Asker: 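Have a look at the structure that comes next, please.
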There are 2 protein chains.
Amino acid sequence: MKPTAPSFAPFVPVPVPELAPLSGSGTVPLYRQVKRALLKLLESGRFGPGEALPSESEIAQLLQVSIGTLRRAVDELVHEHVLIRRQGKGTFVALHNDDRFLFQFFHVEPRSADALDSLTQEREYPVVDCVAFDKARATETQAAALRIRLGEPVFCISNRLSLGGRPVVHDAICLSALVFKGLTEKRFTERPSTVYNLYQLDHGISVLRAQERARAAAASRDVARILGLSTGVPVLEVHRIALSFGEKPVEYRVSTVNTQQHDYVSVLSTQR
Amino acid sequence: MKPTAPSFAPFVPVPVPELAPLSGSGTVPLYRQVKRALLKLLESGRFGPGEALPSESEIAQLLQVSIGTLRRAVDELVHEHVLIRRQGKGTFVALHNDDRFLFQFFHVEPRSADALDSLTQEREYPVVDCVAFDKARATETQAAALRIRLGEPVFCISNRLSLGGRPVVHDAICLSALVFKGLTEKRFTERPSTVYNLYQLDHGISVLRAQERARAAAASRDVARILGLSTGVPVLEVHRIALSFGEKPVEYRVSTVNTQQHDYVSVLSTQR
DNA sequence: CCCAATTTGTTCGTATGTATA
DNA sequence: TTATACATACGAACAAATTGG
């Protein structure tokens, strides 16, 4: 049931004080100002992942812009998967619980005969085993990646990912314990979907993009054991920093991939 | 000087028979049909890279759609960097001669202290030396990647890329000699800009996206020598297939990266 | 099953601003 | 200055999906 306005105030159906008429500079287009206002609203947490925003006509009225201008701003946010529109229902803060979003950040797949078929092929889900879940203090590298202070409390999680029944990837995940307050091993391992979906549901944190740096390395003793490899074998090492609203780093992850039978796949495009 | 219509035919300023009123199915939105019509027009080569399209109002009239609908279609193509709009001038087939496009497909940069600064940092241009330029017959792998027949003539080009005066990447590039008819070593090595710009200018081929598969490997003897490494050192091997209009593969490239001092960097996003 | 209200999706058109030649 | 072309902003009308009665 959608909350309806009381009869004595028929024109203020959903009070959203954050959405006040814009007082923009004039040089930047109105629809950009609207977009920034919406982003600020989302960054504030006033509407969490999965929640519905007021209707387009309502927001347009609150911001004192035309419906077309509002739609243009929302269009861009929908394109960036920050918002999701559903015809007949409304506009929602995007929930990244889709297959598409799993594979947005999981790029390992079997080496294939046809080099181009990853563009069309159905992909396999990795099976995840949690090898370790510890609370620790941030190292220099971790602190720099997460932009926190040296020694701040962090969760360090070690996962083994298998494809076709064989271990292929080792993930070392590092999270600020201050940001992910209340996270437990039980909750982490028993999550219903991906970790990024868990971040959204339990902590209201949306991962919007990530930076990755890949390099070849010789397998360390520890990782080699977890992946069933000999120490020193060439492996692919991927360092990822995941970013949320306002470019805030929220996760630092080092993935080590056994690329003897698998590849790390990405699709580049001239977009963006 | 823009060609103007003769006085006896004032309403047909630029004859473009490819742009006829649409006879779409009805279930797919009009602006998508317009987009496909424009893509087909570009795929046909009727307008080459850098050329101006008829004005928006003209195209809208030819296709019998409103200017707003046409703009929506063009918006998407501009987003995908297929077209470029310049206010006051016109709409042009995108020319990928920008820095941005170089780095769209060149992802190697020095390992940095601050893990996040590749998002803001200025990047260094690689210095390219052509090690070899040969005409050969397509191997099984090359033929599969380029979707041509085994043994068809191909150009095989070997490049060494240096950053900070030291060789870091080896590129083995394979092109169909039938598609890149008339390509010469001289023209290839003396190109004014990137190879993808050369493909556009000399052959009218726009690379719109690419698929890459990365893996760790032990450096081969040949590549190790070119990069100044010891044989067997772990290196990053990136297999790229570059695609043009209609998903046509036009280039197959194997890059080998010395990742001792450098990383292969990419930015993922929830977009697309 | 149908109807009505709500919400987004598509298409059209107009007016005005800004950059270019 | 003028004409052309794209950029922005507004709004109307109708279609399609959803929900609840």
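Nothing here was measured: the structure is a model prediction, and the numbers come from that model. Protein chains get the first letters and strands the later ones, always in sequence-line order, with residue 1 at the start of each. We use all heavy atoms of the structure for the numbers below, so side chains are in, but hydrogens, waters and symmetry mates are not.
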Asker: Enumerate all atom pairs, one protein N or O and one N or O from nucleotides 8-10 of chain D, separated by less than 3.5 Å.
Answerer:
| unit_1 | atom_1 | unit_2 | atom_2 | d |
| --- | --- | --- | --- | --- |
| dT8(D) | OP2 | R72(A) | NH2 | 2.9 |
| dA9(D) | OP1 | L30(A) | N | 2.4 |
| dA9(D) | OP2 | L30(A) | N | 3.2 |
| dA9(D) | OP2 | Y31(A) | N | 3.2 |
| dC10(D) | OP2 | S66(A) | N | 3.1 |
| dC10(D) | OP2 | S66(A) | OG | 3.3 |
| dC10(D) | OP2 | T69(A) | OG1 | 2.6 |

Asker: Taking only N/O atoms, report every protein-nucleotides 19-21 of chain C pair under 3.5 Å with atom names and distance.
Answerer:
| unit_1 | atom_1 | unit_2 | atom_2 | d |
| --- | --- | --- | --- | --- |
| dA21(C) | OP1 | K89(B) | NZ | 3.2 |

Asker: Enumerate the residue pairs fulfilling salt bridge (Lys or Arg N to Asp or Glu O under 4.0 Å) with a member in residues 193-208 of chain A, sequence neighbours excluded, ordered by first and then second residue.
Answerer: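 Those involving residues 193-208 of chain A are R187(A)-D202(A).
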Asker: Given atom CD1 of I84(A) and atom P of dA17(D), what is their separation to the nearest angstrom?
Answerer: 18 Å
Asker: Mind calculating the distance between NE2 (H79(A)) and P (dG9(C)) to the nearest angstrom?
Answerer: 13 Å
Asker: For H203(B) and K181(B), which heavy atoms make the closest approach, and how far apart are they?
Answerer: CE1-O, 3.4 Å
Asker: If the condition is side chain to side chain contact (heavy atoms under 4.5 Å, CB included), which residues does V179(A) pass it with, not counting sequence neighbours?
Answerer: S176(A), I205(A), K248(A)
Asker: Would you give the length of the straight line joining atom CG of L38(A) to atom OG1 of T91(A), rounded to the nearest 0.5 angstrom?
Answerer: 9.5 Å
Asker: Minimum heavy-atom separation for V93(B) and P49(B), please, with both atom names.
Answerer: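 Closest approach of V93(B) to P49(B): CG1-CA, 3.7 Å.
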Asker: Between the two ends of the helix from dC2(C)-dG21(D) to dA21(C)-dT2(D), what is the bend in degrees, rounded to 10 degrees, where each end axis spans five pairs?
Answerer: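 What I find for the helix from dC2(C)-dG21(D) to dA21(C)-dT2(D) is an axis angle of 10°.
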Asker: Who are the side chain to side chain contact (heavy atoms under 4.5 Å, CB included) partners of N97(A), not counting sequence neighbours?
Answerer: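 With sequence neighbours excluded, N97(A) shows a side chain to side chain contact (heavy atoms under 4.5 Å, CB included) to L95(A), N197(A), given in chain and number order.
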Asker: Can you name the nearest heavy-atom pair linking A210(B) to R240(B), along with the distance?
Answerer: CB-CG, 3.8 Å
Asker: OP1 or OP2 of dT4(D) less than 4.0 angstrom from a side-chain nitrogen or oxygen of S57(B), does that happen here?
Answerer: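 Looking at the OP1 and OP2 atoms of dT4(D), neither is under 4.0 Å from any side-chain N or O of S57(B).
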Asker: To the nearest Å, give me how far apart CZ (F92(B)) and P (dA5(D)) are.
Answerer: 11 Å
Asker: For the residue pair F101(A) and H96(A), categorise the inter-ring angle as parallel (less than 30°), tilted (30 to 60°) or perpendicular (more than 60°).
Answerer: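 The arrangement is parallel - the two ring planes meet at less than 30°.
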Asker: Donor-acceptor check, side chain of S244(B) to backbone of S206(B), threshold 3.5 angstrom: yes or no?
Answerer: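 Yes; judged by distance alone, with no hydrogens or angles, the pair exists.
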Asker: Does the gap between the ring centers of Y199(B) and F180(B) come in under 6.0 Å?
Answerer: yes
Asker: To the nearest angstrom, how far is E58(B) atom CD from dC6(D) atom C1'?
Answerer: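 Taking CD of E58(B) and C1' of dC6(D), I get 14 Å after rounding.
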Asker: Does R36(B) CZ have over 12 foreign heavy atoms under 6.0 Å away?
Answerer: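 Not more than 12 within 6.0 Å, no.
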